[in-house]
2 protein chains.
Amino acid sequence: MATIREVAKLAGVSVATVSRALNQNGYVNEHTMKKVQAAIQELDYRPNDVARTLFKGTSNMIALFVPDIMNPFFPELARAVEDTANKAGYTFILCNTDNNQEKETQYLHTLLQKTVGGVVMVSSSIASETLNKIQVPMVALDRKIPNLTSITANNYDGAIEAVRYLQKIGCKRIAHISGPKDTTSAVERTTGYLEAIKNEEWFSNDFIVEGNYTFEGAYQATKRILQERPEIDGVFAANDLMGVGVLKAAEELNLRVPKDLSVIGFDGIELGKFANPTLTTMGQPIYEIGKRAAEIIIEQIENKDSNMDSEQYTAQLIRRQSTM
Amino acid sequence: MATIREVAKLAGVSVATVSRALNQNGYVNEHTMKKVQAAIQELDYRPNDVARTLFKGTSNMIALFVPDIMNPFFPELARAVEDTANKAGYTFILCNTDNNQEKETQYLHTLLQKTVGGVVMVSSSIASETLNKIQVPMVALDRKIPNLTSITANNYDGAIEAVRYLQKIGCKRIAHISGPKDTTSAVERTTGYLEAIKNEEWFSNDFIVEGNYTFEGAYQATKRILQERPEIDGVFAANDLMGVGVLKAAEELNLRVPKDLSVIGFDGIELGKFANPTLTTMGQPIYEIGKRAAEIIIEQIENKDSNMDSEQYTAQLIRRQSTM
DNA sequence: AGGGTTTATGTAACCCGTTACATAAATGTT
DNA sequence: AACATTTATGTAACGGGTTACATAAACCCT
């Protein structure tokens, strides 16, 4: 790889002039510019980004923390962040944290040593002491994190709408498969469910079971609850992955969906379209949200503007075959 | 962030000594070591990785090129590469190429400017001239690339086994939903299909339709072919995503799977378990393959050993509900 | 013509680790 | 005791950009 000094030599100018020509700052004579460009072309010169980063003290890299990219909710988010970062000239780093606090801290330190530009975080577990100690632009995505700007769906309203929709289509006993209690989105969705059923006299706490946001968790939980309470005719799963788990459990118990049981999920991931029957859901604008988080982190990086407002996006009902 | 010079000052030694203490290099007196460690602790010093990288000329970053992380085949691969890279002290960069040659070239140049350590590539489109010009360790994953070590499944044998299995369970007319013709895995799977049915007198070319490795593509293709040739009683889809598309098309045409139609996919992704009915498939050891690719790239980076042999992993039949 | 401004370019310090080389004390060998 | 080897540490160059500062020619204005 050619260096700026080789370019300077070939063009017969100093490295400072080449640098100025490259970055279009300071004065460069038109004729000199041409000589420099010719030399750059000749040598196929590309500036070493590491040297640049060392001097600037910050790199054009953006990291995304997700619990696990294998959870089908995250690829779309990752894609959105990557696209947006890429378009703005940033390189995209992906970190799977497994909701593990040590891993998160470890990753943050590693990234800090690389002077990463900013971090977009999907996390339920990040230690706030770590967060306070670490000086790098951060934004919370999908889940709220204290003291950080967050981009999320309006989970509470979405959950209410989901349950009201089940009520509207005639469900009389509506169960809720909830997500992990340490995850803000899951808690908000459960709170929404509670709000929507608060006046129903049939309700008791065992209409809520924890499915851990996983297919398997929801599958097991649903089998249990449907056997204990066969009167259930509607299920609000706190995410689509669990919604598909509910479908599987229903199938296994020979319940016809939506005839015997209506199922609604949350998120609007592709999986819902692949399922059989297709899954009704409260769709959030996933790509949009990821894109927005990336935009904000870039804004923070480039303008040091760290006091941005949090944003909430409305979820929209997507009617499919699992309800009718 | 503290620098090595501050540590040196606080410990009352030179930066060289601190560096040696850090890297357990050269001689460092026991007592000096303690002073240095105390200073490091005191200042919470962490070496700047950018400076290190600049000097060394190569960074501890590994990139993975995939067409699109939203395709459910890739997250597991990405996870495997990330885990392996991470464990070995490398940072993981994800690049979505959309099979776009320009994007690939663009990414490669960007990474080169960051002196990336190595690149793991899932690609059908990478330009060989780009490849030859670029001096960085690379390995091909899932798809073969000329002149690169590749880690793949044995697609040919797997495809033969898939079709033979359909034949064994009684299918008399077996269609094939193929993948893109520029993708080595797809071509090999089609070749395997052809090998397995070569002695069947019913065969003609219109038993093969292209589904582009996508759900939607397979869904459309299947609807078309099943209407044209209602005698079809078995489908070999070249990947699971298309297998699920076949299931959906069958459902829509009121064909019962597996009673009227048996369906087998390829890959063994999670999606197959979520589907209804669950999808029989030729499962490849996805995580294993990704992990192995990462190991090889690390081996190449650390030992400059670029002449590694390609490896092929056998696919295994996973019987589920879509065949019987 | 004299002074101020703009244009143009070069020199060298700087970012922060790593390491070749120099120096010297401590230890070992015959 | 004389010399070789090992241990210990410091100085300074280096990697490859960026930019503050210095210098000077060209241009503008009154």
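All chains are named by letter (A, B, ...) in the order of the sequence lines, taking the proteins before the strands, and each is independently numbered beginning at 1.
Under 4.0 angstrom from either OP1 or OP2 of D:dT19 there lies no side-chain N or O belonging to A:Y27. Of the side-chain N and O atoms in B:N29, none sit less than 4.0 angstrom from OP1 or OP2 of D:dT7.
Electrostatic pairing of A:E295 and A:R292 counts as a salt bridge here, judged by a charged N lying under 4.0 Å from a carboxylate O. Ion pairing between a basic and an acidic side chain is recognised when a charged N comes within 4.0 Å of a carboxylate O; B:R79 and B:D83 show such pairing.
Residue contacts for B:V18: at a heavy-atom cut-off of 4.0 Å it reaches no nucleic acid atom on any strand shown. Counting any heavy atom pair closer than 4.0 Å across all strands shown, A:V50 reaches no nucleic acid atom. Contact annotation for B:S19: base contact, defined as any heavy-atom pair under 4.0 Å involving a base atom. Among the heavy atoms of the strands lying under 4.0 Å from A:V13 are primed sugar atoms or P, OP1, OP2 only; no base atom is included. Here A:T17 lies in heavy-atom contact (under 4.0 Å) with sugar-phosphate atoms only.
With a heavy-atom cut-off of 4.0 Å to chain A, the contacted part of DNA chain C has its first and last nucleotide at C:dT6 to C:dC16.
Summarising the geometry, the separation between CD1 on B:I4 and C1' on D:dG15 is reported as 15 Å, rounded to the nearest angstrom. Atom CZ in B:R5 sits roughly 13 Å away from atom P in D:dA13 (whole-Å rounding). The nearest whole Å value for the distance from the CG atom in A:D49 to the C1' atom in D:dG15 is 15 Å. When rounded to the nearest whole Å, the span between CD of B:E30 and P of D:dT7 equals 14 Å. Between the CZ atom of B:F55 and the P atom of D:dG16 there is a distance of 10 Å, rounded to whole Å.
A donor-acceptor pair is defined here as one N or O able to donate and one able to accept, closer than 3.5 Å; such a pair exists between the side chain of A:N96 and the backbone of A:I69. Judged by distance alone, the side chain of A:Y213 and the main-chain N or O of A:A186 form a donor-acceptor pair under 3.5 Å. Formation of a donor-acceptor pair under 3.5 Å by the A:N212 side chain with backbone atoms of A:T214 is not found in this model.
Considering only the side chain of B:A51, D:dG15 comes nearest among D:dG15, D:dG17, D:dA12.
In this view, B:R52 and B:N23 satisfy the side chain to side chain donor-acceptor pair (under 3.5 Å) rule, not counting sequence neighbours. Every residue two or more places apart in sequence or in another chain that forms a side chain to side chain donor-acceptor pair (under 3.5 Å) with A:R46 is listed here: A:D44, B:H109.
Between B:T32 and A:M1, the residue anchored nearer the 5' end of DNA chain D, judged by the nucleotide with its closest heavy atom, is B:T32.
Residue-to-nucleotide contacts include no donor-acceptor pair under 3.5 Å from the side chain of A:R52 to the base of D:dG16.
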